[in-house]
Amino acid sequence: MSDHRYYVTTNEAGAARALDLLSSVFEDEGYPVATMEVDEDKGQWEASIYVAGDPDPAFKDRIRDCLGPDFAGSTLEIEQFGDVDWIAKSLEGLKPVRAGRFLVHGAHDREAVRANDLAIELEAGQAFGTGHHGTTAGCLEMIERVMRASPGGPRGLDPVLDLGTGSGVLAIAAAMLGPVHVLATDIDPVATKVATANVRHNRAATQVKCVTAPGFHSTAFTSAGPFGLIIANILARPLMRMAPDIKRHLAPGGSVILSGILEGQRRQVLAAFNGQGMRHQKTLWRNGWVTIHLT
Ligand SMILES: C[S@@+](CC[C@H](N)C(=O)[O-])C[C@H]1O[C@@H](n2cnc3c(N)ncnc32)[C@H](O)[C@@H]1O
């Protein structure tokens, strides 16, 4: 038996419409429905419904009926996942990852920690950020470089902002490098909850405060800032949109670390931040993604 998903490829508005339609019919029956951006440059999105067991043509017809005339011209595609051992898979997702001196690992891999490691222990959670993604690993490495090279030491960059904290991994990393206060924010309340638990688990709660906020829409930013270091691992487009806000909340002489940027988007992002008077210092390249340091 294999699990599968049915999906239509559309644009952002189409994905939102498909999500409404599919949720209204299938969510009460317990089928997860989700949308995701699959190609930022082309503005392509997928709206999916996840189904356990083998595909059933009658169920596919029900999805078609539910999507109705709005999606008459779209192909309803199917992706099968095969037999997946989810326990093994989730443990595999938590294999220890090294980035600079950081080792990000799960509780079952404590023996992998070496004497000089800065070890961050995370459990399998719902929020993004176990260190396996090129953007997280790039940020960990860049945070270490920037905080160590700061003329006033890490304290010279106090306070730090981790915008889009996900699992909280980058906020925890910054707190491990020096006696800095970190504001860790995320648009997603589930991420903020997971981050809060991870911050406590890594004994960083006296330094890191987690807050749910979309972009810079919270009074928490003005009361905690301006920031000596702003880290934002989101995506190129929202980062470019937020460039003026990032500049406004940055302390004079402060640093910005950006990731979630594909190699081909690097120049555009640099242009947006140069437009705010910021200068490029260094780029790290990992698995098609770049992490950029600007001052
Ligand atoms: C790529 S993940 C990065 C997570 C973590 N910082 C890391 O490096 O592994 C991006 C995170 O940003 C959050 N996010 C996306 N847009 C946001 C916004 N406008 N304001 C705040 N958080 C946002 C997402 O919910 C997600 O948790």
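Numbering starts at 1 and runs along the sequence shown. Both counts, for ligands and for their atoms, begin at 1 and track the order of listing.
Of the candidates Thr185, Leu140, Ile187, Asp186, Asp186 brings a heavy atom nearest to atom 26 (C) of ligand 1.
Contact analysis leaves Thr135 out of contact with ligand 1, as no non-hydrogen atom separation drops below 4.0 angstrom. For the pair Pro238 and ligand 1, no heavy-atom separation below 4.0 Å is found. Under a 4.0 Å heavy-atom criterion, Ala213 is in contact with ligand 1.
Any N or O atom pair closer than 3.5 Å counts here, and Ile234 shares no such pair with ligand 1. Residue contacts with ligand 1: Met242 is placed with no nitrogen or oxygen under 3.5 Å of a nitrogen or oxygen of the ligand (distance criterion only). Ligand 1 has an N or O atom lying under 3.5 Å from an N or O atom of Thr136, backbone or side chain.
When each atom of ligand 1 is checked for a heavy atom of Gly164 under 4.0 Å away, the hits are 3 (C), 4 (C), 5 (C), 6 (N), 11 (C), 12 (O), 13 (C), 22 (N). Of all atoms in ligand 1, listed by their number and element, those nearer than 4.0 Å to a heavy atom of Gly166 are 4 (C), 27 (O).
Every residue two or more places apart in sequence or in another chain that forms a side chain to side chain contact (heavy atoms under 4.5 Å, CB included) with Arg266 is listed here: Leu270, His280, Thr283, Trp285, Val290, Ile292. By the side chain to side chain contact (heavy atoms under 4.5 Å, CB included) test, Pro226 pairs with Ala251, sequence neighbours left out.
Side-chain atoms of Ser259 and Thr135 include no donor-acceptor pair closer than 3.5 Å. Counting only N and O atoms by type, the side chains of Gln281 and Thr295 include a donor and acceptor under 3.5 Å apart.
Here Thr165 has backbone heavy atoms under 4.0 Å from ligand 1, and that is the only part of it that gets that close.
Across all their heavy atoms, Gln276 and Lys247 have their closest contact at O-NZ, 3.2 Å.
Of the options Leu258, Leu163, Asn233, Val256, a side-chain contact (heavy atoms from CB on, under 4.5 Å) to Leu239 is made by Leu258 and by none of the others. Each of Val182, Asp186, Thr196, Asn198 was scored for a side-chain contact (heavy atoms from CB on, under 4.5 Å) with Cys210, with one residue passing: Thr196.
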